[in-house]
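Predicted, not measured: the structure shown is a model, and the values here were computed from it. When reading the values below, keep in mind they use all heavy atoms of this one structure, side chains included, and skip hydrogens, waters and symmetry mates.
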Amino acid sequence: LEKMTDLVAVWEVALSDGVHKIEFEHGTTSGKRVVYVDGKEEIRKEWMFKLVGKETFTVGAAKTKATINIDAVSGFAYEYTLEINGKSLKKYMENRSKTTNTWVLSLGGTDYRVVLEKDTMDVWCNGQKMETAGEFVEDGTETHFSVGGHSCCIKAVSSGKRKEGIIHTLIVDDREIPEAVE
């Protein structure tokens, strides 16, 4: 495996199916551009006369659109920015924290990352979309699924405050799991 000598940027992107690592090589003499997603080569361009521009590719199970922008800052210095679905990574992650809940837990020595997509009520665990059963209960809804033989339930209860909206809580084996901050 050739050493990544022209590695100029590395980003970690948390999506519903997991945290993905994006690496970008930019040879400023050859114009070479290589994009790796989770260690797998997605794009390779050897000789490019134009050193600025963009590279677009997809990330994760949902084929989320990602673009690396290459801009000249001054002389031979370049700036690399990552956009996810047309938003800067920072903006995308801020928006994502409003539309998803994430919990990280360990069961029987195995680590699990559970993500709830609030708009669709889809539940993901370690990269897999889970089979769920939803039911209405007295104070809201419950979404049931199982992970590693453990029964899990995401309770959705109104906060009673318009600004806060609905509060989602993950319960595994009758134990409440604190939400993770990504």
Practice task
Quick one: closest heavy-atom pair of L15 and R96, and the distance?
Solution key: C-NH2, 3.3 Å
Problem - Test log, rule side-chain contact (heavy atoms from CB on, under 4.5 Å), inputs K65 and T56 - result: CA-CA 7 Å; K65 184 179 160 224; T56 300; 3.7 Å; yes
Exercise for the section: Flag the pair E46 and K32 as a salt bridge only when some basic side-chain nitrogen lies within less than 4.0 angstrom of an acidic carboxylate oxygen. Expected result: no
Problem - Under 3.5 Å: donor-acceptor pair, side chain of D139, backbone of V157 - result: no
Problem - Test side-chain contact (heavy atoms from CB on, under 4.5 Å) applied to L82 and T67, step by step - result: CA-CA 6 Å; L82 179 66; T67 303; over 6 Å; no
Exercise for the section: Given side-chain contact (heavy atoms from CB on, under 4.5 Å), test Y112 with S106 step by step and report yes or no. Expected result: CA-CA 6 Å; Y112 295 97; S106 185; over 6 Å; no
Practice task
State, with a plain yes or no, whether a side-chain heavy atom of L170 is found less than 4.5 Å away from one of C152.
Solution key: yes
Problem - Residue pair A14 / R113: nearest heavy atoms and the distance that separates them - result: CB-NH2, 3.6 Å
Completion exercise
Distance col, row W124:CH2 vs T100:OG1, nearest 0.5 angstrom, shows 12.5 Å
Completion exercise
Value for CD1 (I43) from CZ (F24), rounded to nearest 0.5 Å, stands at 8.5 Å
Problem - Donor-acceptor pair between S16 and E117 side chains, under 3.5 angstrom - result: yes
Fill in the blank from the handout: Of all heavy-atom pairs linking S159 and I167, the shortest is CB-CD1, 3.5 Å
Practice task
Answer yes or no: is there a side-chain heavy-atom contact under 4.5 Å between T64 and T58?
Solution key: no
Practice task
Please answer: with hydrophobic residues joined when any side-chain heavy atoms are less than 4.5 Å apart, are V37 and M93 in the same cluster?
Solution key: yes
Exercise for the section: Supply the atom-to-atom distance I171 CD1 to H144 NE2, rounded to the nearest 0.5 angstrom. Expected result: 9.5 Å
Practice task
Answer yes or no: is there an ion pair linking D38 with K21, defined by an N-O contact shorter than 4.0 Å?
Solution key: no
Exercise for the section: For residues K98 and K118, report the shortest heavy-atom separation together with the two atoms involved. Expected result: O-NZ, 3.2 Å
Exercise for the section: Give the minimum heavy-atom separation between A72 and V52, together with the two atoms involved. Expected result: N-CG1, 3.5 Å
Handout entry: Working for side chain to side chain donor-acceptor pair (under 3.5 Å), residues H26 and Y80
Key = CA-CA 10 Å; H26 188 216; Y80 308 96; 2.7 Å; yes
Problem - Salt-bridge criterion met for E25 and R44 (N-O under 4.0 Å) - result: no
Handout entry: Atom pair CG/CD of N69 and E79 - distance to nearest 0.5 Å
Key = 9.5 Å
Problem - Test side-chain contact (heavy atoms from CB on, under 4.5 Å) applied to V104 and D111, step by step - result: CA-CA 7 Å; V104 175; D111 289 340; 5.6 Å; no
Practice task
Answer whether the closest heavy-atom distance between the side chains of I166 and T141 falls below 4.5 Å.
Solution key: no
Problem - pair M121-T143: side-chain heavy atoms closer than 4.5 Å - result: yes
Exercise for the section: Taking atom CG of D173 as the centre, report whether more than 12 heavy atoms of other residues, nucleotides or ligands fall under 6.0 Å from it. Expected result: yes
Handout entry: Exam field: side chain N101 to backbone L116, donor-acceptor pair closer than 3.5 Å
Key = no
Handout entry: Reported CZ-to-CD1 distance for the pair R175 and I177, which is rounded to 0.5 angstrom
Key = 4.0 Å
Problem - Test item: W11 and I84 side chains (from C-beta on) under 4.5 Å apart, heavy atoms - result: no
Handout entry: hydrophobic_cluster_shared for M130 and V115, side chain cutoff 4.5 Å
Key = no
Handout entry: Close side-chain approach of I22 and Y36, heavy atoms under 4.5 Å
Key = no
Exercise for the section: Say whether, by atom type as modelled, one donor and one acceptor occur between the side chain of S146 and the main chain of G149 under 3.5 angstrom. Expected result: no
Handout entry: Close side-chain approach of V172 to V147, heavy-atom, < 4.5 Å
Key = no
Problem - ILVMFWY network linking L7 to I70, side-chain heavy atoms under 4.5 angstrom - result: no
Completion exercise
Between L51 and G31 the two heavy atoms that sit nearest each other are CD2-CA, 3.4 Å
Exercise for the section: Group every Ile, Leu, Val, Met, Phe, Trp and Tyr by side-chain heavy-atom contacts under 4.5 Å, then state whether V34 and F57 land in the same group. Expected result: no
Exercise for the section: Indicate, with yes or no, if M48 and Y78 share a hydrophobic cluster defined by side-chain heavy-atom contacts under 4.5 Å among Ile, Leu, Val, Met, Phe, Trp and Tyr. Expected result: no
Handout entry: OG on S97 to CD on E179, rounded to 0.5 Å
Key = 9.0 Å
Handout entry: Audit row: H20, E12, side chain to side chain donor-acceptor pair (under 3.5 Å) steps and yes/no
Key = CA-CA 6 Å; H20 298 279; E12 301 258 319; over 6 Å; no
Exercise for the section: Inspect the surroundings of NZ in K90 and state if more than 12 heavy atoms from other residues, nucleotides or ligands are less than 6.0 Å away. Expected result: no
Handout entry: V114 and V123, any side-chain heavy atoms less than 4.5 Å apart
Key = yes
Problem - Steps toward salt bridge (charged side-chain N to carboxylate O under 4.0 Å, His left out) verdict (E94, K87) - result: CA-CA 10 Å; E94 283 169 6; K87 293 184 178 77; over 6 Å; no
